[in-house]
Amino acid sequence: MRFELEIAPIDLDLTLGCGQTFRWERGLDGSWSGVLQDQAIRLRQIEGLIQAEATPGREDVSESILEFLRSQDDIARIQSKLRKDRVLAPGIKRMQGLRIVKLDEWECLISYVLATYANIPRIMKMVEALAANYGDPITRMRRSFPNRSQLSRAKAKDLAKLGLGYRAKYIEALCELFDDESLSTLSRVPYENLRRELVELPGVGNKVADCVSLFGFGRLESFPIDLWIERALKRLYRQTGTYNHLRGFAASRFGEYAGYAQEYLYHNERMRARNLGCAFSEE
DNA sequence: GCCCAGGAGTGTG
DNA sequence: CACACTCATGGG
């Protein structure tokens, strides 16, 4: 099944390639393949249009793609607010097409617990290993991300063998704590409360709680601080200190759309490290 | 071989 | 509060 979607502005390469998602891969032809719920999906960008193909024989999945790509976000409004920041202003227009994605809460929680102290290629490998071993088959190539009951069949020892290392015990513990529905009860909780709940979970600290708040629960005011963001805040804003200090700084500086500011800073910092240019002024 | 990675947990001063 | 140390391992 094939259909077209209008989302503007959007840049698929930026959105799916900037490290928010761990199951989307860019093919040699420039298309992106990934999995949403129990469907394998291929997206291709042609100018401002998104062409989508889903697993044959399934119903229309355009709604889940629109939700995944947060098609309702008013990028113009978000950027005009963030442009008031003199550091962001010079460069963010070039990242107009970068959209925060909306991930499944459970998949997001597990993925970002795995993401601790690992690089992105390795995170992708770990996430894919969970799908390959515990998810439902969708196509010859791909499986769904395992839900809680599927993943709870895994024991920490098995998971460690899949290359998860010390993270295996956290995954096992998280499966014990939840059933298939209980995470979604947090979906209407205000950000600060949600975050307080999340940091109590095994393997979840400040940074992972903010990633899950942002990408899993769609709280755009969340501002995850990893090593790259820490560097960016130091370099561009002369800010150092504890996580909570930096988080407070970001909240007062970027406000309700701090999550978008974070993605701009994150992407910029990584591109800069690879000598692929710097969007923001250095002064 | 070396350094680093979308950190978290635990213990100590 | 701040820091130090450990955790396992693959990617560049």
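First the proteins, then the strands, lettered A, B, ... as listed; each starts at 1.
- Residue A:K125 has a polar side-chain atom (N or O) positioned under 4.0 Å from OP1 or OP2 of C:dG11.
- In this structure, A:Y243 atom OH and C:dC1 atom P are separated by 15 Å, rounded to whole Å.
- An aromatic stack links A:Y117 and the base of B:dG7, using centre distance under 5.5 Å and interplanar angle under 30°.
- Of the listed residues (A:E230, A:H245, A:R253), just one forms a side chain to side chain donor-acceptor pair (under 3.5 Å) with A:Q239, and that residue is A:H245.
- Look at the P atom in both B:dG7 and C:dG12: the space between them is 16 Å, to the nearest Å.
- Residue-level contact check: A:Y170 touches the backbone only, with heavy atoms under 4.0 Å from sugar-phosphate atoms and none from bases.
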Would A:I110 and A:F145 count as a side-chain contact (heavy atoms from CB on, under 4.5 Å) here? Give the steps.
CA-CA 10 Å; A:I110 298 298; A:F145 187 84; 3.7 Å; yes
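- Using a 4.0 Å cutoff on non-hydrogen atoms, no part of residues 151-162 of chain A comes near DNA chain B.
- Here A:Y266 lies parallel enough and close enough to stack on the base of B:dG6, with planes under 30° and ring centres under 5.5 Å apart.
- Between A:I171 atom CD1 and C:dA8 atom P there is a gap of 14 Å when expressed in whole angstrom units.
- Taking atom CE on A:M124 and atom P on B:dG6, their separation rounds to 12 Å, with Å as the unit.
- A:D85 and A:Y264 form no side-chain donor-acceptor contact under 3.5 Å, judged by distance and modelled atom types alone.
- A:E269 comes within 4.0 angstrom of no nucleic acid atom, judged by non-hydrogen atoms across all strands.
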Would you list the atom pairs, donor with acceptor, under 3.5 Å between side chains in residues 170-179 of chain A and any protein atom, with sequence neighbours excluded?
from: A:E172; atom 1: OE2; to: A:A156; atom 2: N; distance (Å): 3.2
from: A:D179; atom 1: OD1; to: A:E181; atom 2: N; distance (Å): 2.8
from: A:D179; atom 1: OD1; to: A:S182; atom 2: N; distance (Å): 2.9

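- Atom CG of A:L246 and atom P of C:dC1 are 14 Å apart (whole Å).
- Residue order along DNA chain C, read from the 5' end via each residue's closest nucleotide, puts A:G241 first among A:G241 and A:P121.
- As rounded to the nearest Å, C:dT6 and B:dG6 have P atoms that lie 23 Å from one another.
- When rounded to the nearest whole Å, the span between CD1 of A:I120 and C1' of C:dT9 equals 17 Å.
- Between the OH atom of A:Y166 and the C1' atom of C:dC7 there is a distance of 6 Å, given to the nearest Å.
- Atoms CE and CG, from A:M95 and A:L265 in turn, are 7.5 Å apart once rounded to the nearest 0.5 Å.
- Atom C1' of nucleotide B:dT10 and atom NZ of A:K169 are separated by 12 Å, given to the nearest angstrom.
- Using a 4.0 Å cutoff on non-hydrogen atoms, no part of residues 198-233 of chain A comes near DNA chain C.
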List the steps and the verdict of side chain to side chain donor-acceptor pair (under 3.5 Å) for A:Y257 and A:R77.
CA-CA 10 Å; A:Y257 300 125; A:R77 172 186 162 81; 3.1 Å; yes
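- Side-chain atoms of A:D210 and A:Y243 include a donor-acceptor pair closer than 3.5 Å.
- Residues A:Y112 and A:F22 place their aromatic rings such that the two centres sit under 6.0 Å apart.
- A:S31 and A:D29 are linked by a side-chain donor-acceptor pair at a separation below 3.5 angstrom, with hydrogens and angles left out of the test.
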A:E128 and A:R143: salt bridge (charged side-chain N to carboxylate O under 4.0 Å, His left out), yes or no, with the steps?
CA-CA 9 Å; A:E128 214 51 40; A:R143 288 170 175 262; over 6 Å; no
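- Here the P atom of nucleotide B:dA8 and the CD1 atom of A:I123 are 12 Å apart, to the nearest Å.
- Look at the P atom in both B:dG11 and C:dA8: the space between them is 15 Å, to the nearest Å.
- If you check every strand for non-hydrogen atoms under 4.0 Å, A:R167 touches a base.
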